[in-house]
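Reviewing the structure listed below.
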Amino acid sequence: MKQRFRVGGMSCAACSAHVEKSVAEVSGVREVQVNLLAGSMVVEYDETACSDTQIIRAVEEGGYTAAVDSGTRAGAPAKAAAPEDDLREMKTRILVSAVFLVILMYFSMGPMVGLPLPGFVSGEAHAFALALVQLLLTLPILFINRKYFINGGRTLWHRAPTMDALIAVGSGASVVYGVYALFQIGYAGAAGDMARVHAFAHDLYFESAGMILTLVTLGKFFEARAKRKTGEAI
């Protein structure tokens, strides 16, 4: 039996290769063909040995989404890779991320271009408060873009890292080091070591994590929209 599936969450060739490998390991599957551009997958399998549910579960365990494309035959053209719902969800993520990123950049980079900061975060005496504000502004960006960490973590767990894993590691490292610097600022401030406070106050990289996630999401939005238009044209 041949069946077409819609697959979501694929962003690069490594993603499609990982989906193919995951499905091919399902007992009863004879052949798997994944179309990254169309966001589709055609599977030939023995329906007495496995089912659609098992195939979908194999895709989901790899960190992606899948559903039977009941509206098309296995040999028919695939549907668009990025439905309107996905594009709207991406727009929301971009908007929320951009709002918090602009504020975050003001607090992290504003003084470098002469912009004044509120008194409660101005000066080395309030370095801990400034670092804490930056962390709090970064958290909403991390939360709304959490899919990178979920999908990236899953692909790392299955030893098949994709672009999401790279994004998760890069932005996650910035946040982890920023939290470390935050604690160092608090400890040094309590000990009266202002030189150490000054050093770690300039080692905060929360804005880097926010910038990575926001720009990558923006790029993925343009990519998804272009793929949808290309799919419709084909």
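Cluster annotation: Tyr205 and Val102 are assigned to distinct hydrophobic clusters (Ile/Leu/Val/Met/Phe/Trp/Tyr, side-chain heavy-atom contacts under 4.5 Å, transitive). Under a hydrophobic-cluster definition in which Ile, Leu, Val, Met, Phe, Trp and Tyr are linked whenever side-chain heavy atoms come within less than 4.5 Å, directly or via other members, Met163 and Phe222 are assigned to different clusters. Both Val68 and Val34 are assigned to one and the same hydrophobic cluster, defined by single-linkage of ILVMFWY side chains at heavy-atom distances under 4.5 Å. Under a hydrophobic clustering in which Ile, Leu, Val, Met, Phe, Trp and Tyr are joined whenever their side-chain heavy atoms come within less than 4.5 Å, directly or via other members, Val59 and Leu156 fall into different clusters.
Leu204 and Ala131 make their closest contact through CD1-CB, 3.6 Å (heavy atoms, listed as atom of the first residue, atom of the second, distance). The two residues Met1 and Glu47 come nearest to each other via the heavy atoms SD-OE1, 3.6 Å.
Side chain to side chain, Asp52 and Tyr45 meet the donor-acceptor criterion of an N or O pair below 3.5 Å. Between the side chains of Ser97 and Asn145, at least one donor N or O lies within less than 3.5 Å of an accepting N or O.
Remark: Arg146 fails to qualify as a cation-pi partner of Phe149 under the 6.0 Å distance and 45° angle criteria applied to the six-membered ring.
Applying the salt bridge (Lys or Arg N to Asp or Glu O under 4.0 Å) test to residues at least two apart or on different chains, the pairs with a partner in residues 195-220 are Asp164-Lys220.
Applying the side-chain contact (heavy atoms from CB on, under 4.5 Å) criterion to Lys91, with sequence neighbours excluded, gives Phe221.
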Check the pair Arg225 / Met90 against side chain to side chain contact (heavy atoms under 4.5 Å, CB included), numbers first and verdict last. CA-CA 10 Å; Arg225 189 173 63 176; Met90 279 189 172; over 6 Å; no

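Salt bridge Glu89/Arg93: present, at least one basic N to carboxylate O contact under 4.0 Å.
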